[in-house]
*Asks:* 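Structure provided below as structure tokens; questions to follow.
We count ligands from 1, going down the list as the structure has it; atoms in each ligand are counted the same way. Bear in mind that the values here come from a model prediction, so they are computed numbers and not experimental data.
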Amino acid sequence: MPFSLHFSPTPLITAPSPLSKPFFLVPYYHTLHAPKSPLCSSMEHALTHQGKQEAFDRRPEDSQTLPLGLRRDAMPSHVAVIMDGNRRWARLRDLPVRSGYEAGVESLRKIVEICCKWGIKVLSVFAFSSDNWFRPKVEVEFLMSLFERAMQEDTGIFFRENIRISVIGDLTKLPKALQELMVNLEEATKNNTRFQLIVAVSYSGHYDVVQACQRLALKAKCGLIEPSDINVSLMEQELETNCTEFPHPDLLIRTSGEFRISNFMLWQLAYTELFFAQSLWPDFGEAEFLKALLAFQQRQRRYGV
Ligand SMILES: CC(C)=CCC/C(C)=C/CC/C(C)=C/COP(=O)(O)OP(=O)(O)O
């Protein structure tokens, strides 16, 4: 049952209506001034009236005291997570792989709830990498349907809890219905301010840097910029993390005892503090998250100075 402590387990809204044309399928220059889809507007309107106002009125979680030792003034704004070990968790229990992924979703729900409670502003999760397309077809199909199911189930929660959803990655590779659901959710939650969940799907750090370079090259070709104008700031404007006010994760957590970045947010992780947890992702809960945050708060960040 999602968000059993503070968040209502009952989804308010079922699947959003499909958009006729997701914005990322429209050629780049048209996206700059793309009109808002009427279907999106009506979904936003409906959701606003069904739960969003209520979320603004009721916010007991924000005034909650933090666990002992955790300092509010040293809290990371942006935490990124590589949610590794779902299949191993299932195999250890003689369960099918899909049970591991389902347990992984429950773990993510718990961590989102904690982020909201403890005042973390952004959580980025590596939900499906560009290389995960090479996994067995049945597993890929299950994961796609799981993303769809989880996002549909939690749509009402995103509104009641004032949560913004952003999706990064090459979404054109996803099933149409999932693309439309994600685009609608992004659009409909874009003004939510309490917390932002960034879901990386069909994503890799290489993909992100390459697509940013392509956009800059196109701008140069169109005469909007000179090649010599390209600098860190212009690059960052084109990276997929331009969807957030806090594009650089302060803390990266990887579960399952692996010590790798695995092509996640390569540019954005330049000065990120790393924390590697032994637990498999479905076992990663409040106690481990607290351990990671306490470790983060002990670090001295010098940014090379
Ligand atoms: C809605 C939403 C964002 C849901 C997220 C669901 C979820 C937990 C996805 C993780 C997928 C994934 C490929 C994890 C890598 O670990 P692995 O499972 O490959 O683990 P292994 O290392 O044990 O094989």
*Asks:* Shared ILVMFWY cluster between I168 and V183, side chains joined below 4.5 angstrom?
*Replies:* no
*Asks:* Nearest to atom 1 (C) of ligand 1, what protein heavy atom do you find, and at what distance?
*Replies:* A150 CB, 3.8 Å
*Asks:* Could you give the distance from CH2 (W267) to CE (M235), rounded to the nearest 0.5 Å?
*Replies:* 4.5 Å
*Asks:* Decide yes or no on side-chain hydrogen bond (donor to acceptor under 3.5 Å, both in side chains) for T272 and D250, but give the supporting numbers first.
*Replies:* CA-CA 5 Å; T272 300; D250 301 294; over 6 Å; no
*Asks:* Looking at CG of L197 and CG of N192, how far apart are the two atoms once the value is rounded to the nearest 0.5 Å?
*Replies:* 12.0 Å
*Asks:* Check R88 with E258, please: is the shortest side-chain N to carboxylate O separation under 4.0 Å?
*Replies:* yes
*Asks:* Note the single closest protein heavy atom to atom 16 (O) of ligand 1, along with its residue, its atom name and the distance in Å.
*Replies:* D84 OD1, 3.1 Å
*Asks:* Among all the protein's non-hydrogen atoms, which is closest to atom 13 (C) of ligand 1, and how far away is it?
*Replies:* N132 OD1, 3.4 Å
*Asks:* Nearest 0.5 Å please: distance from the CD atom of E273 over to the CZ atom of R299.
*Replies:* 5.0 Å
*Asks:* Under 4.0 angstrom from ligand 1, any heavy atom of S256?
*Replies:* no
*Asks:* What is the nearest protein non-hydrogen atom to atom 7 (C) of ligand 1, stated with its residue, atom name and distance?
*Replies:* M83 CE, 3.8 Å
*Asks:* Taking the side chain as everything from C-beta on, heavy atoms only, tell me whether D229 gets closer than 4.5 Å to L234.
*Replies:* yes
*Asks:* Which of these, W281, F128, F147, has its nearest heavy atom closest to atom 5 (C) of ligand 1?
*Replies:* F147
*Asks:* May I ask you to check if ligand 1 and L146 share an N or O to N or O distance below 3.5 Å?
*Replies:* no
*Asks:* Does a salt bridge link R93 with D283, judged by any charged N lying under 4.0 Å from a carboxylate O?
*Replies:* yes
*Asks:* Is the Y207 ring parallel, tilted or perpendicular to the Y203 ring (thresholds 30°, 60°)?
*Replies:* perpendicular
*Asks:* Does R135 approach ligand 1 within less than 4.0 angstrom via side chain, backbone, both or neither, non-hydrogen atoms only?
*Replies:* side chain
*Asks:* Could you find the nearest protein heavy atom to atom 24 (O) of ligand 1 and give me its residue, atom name and distance?
*Replies:* R87 NE, 2.7 Å
*Asks:* May I ask which of V199, L280, T255 has a heavy atom nearer to atom 3 (C) of ligand 1 than the others do?
*Replies:* V199
*Asks:* I need the nearest protein heavy-atom contact for atom 21 (P) of ligand 1: residue, atom name and distance, please.
*Replies:* R88 NE, 3.7 Å
*Asks:* Do K110 and E286 sit within salt-bridge range, that is, some charged N less than 4.0 Å from a carboxylate O?
*Replies:* no
*Asks:* Relative to ligand 1, is L108 under 4.0 angstrom through side chain, backbone, both or neither, heavy atoms considered?
*Replies:* side chain
*Asks:* Could you find the nearest protein heavy atom to atom 9 (C) of ligand 1 and give me its residue, atom name and distance?
*Replies:* A127 O, 3.6 Å
*Asks:* Pick whichever of V201, N86, L197, V140 has a heavy atom sitting closest to atom 14 (C) of ligand 1.
*Replies:* N86
*Asks:* Among all the protein's non-hydrogen atoms, which is closest to atom 6 (C) of ligand 1, and how far away is it?
*Replies:* V105 CG2, 3.7 Å
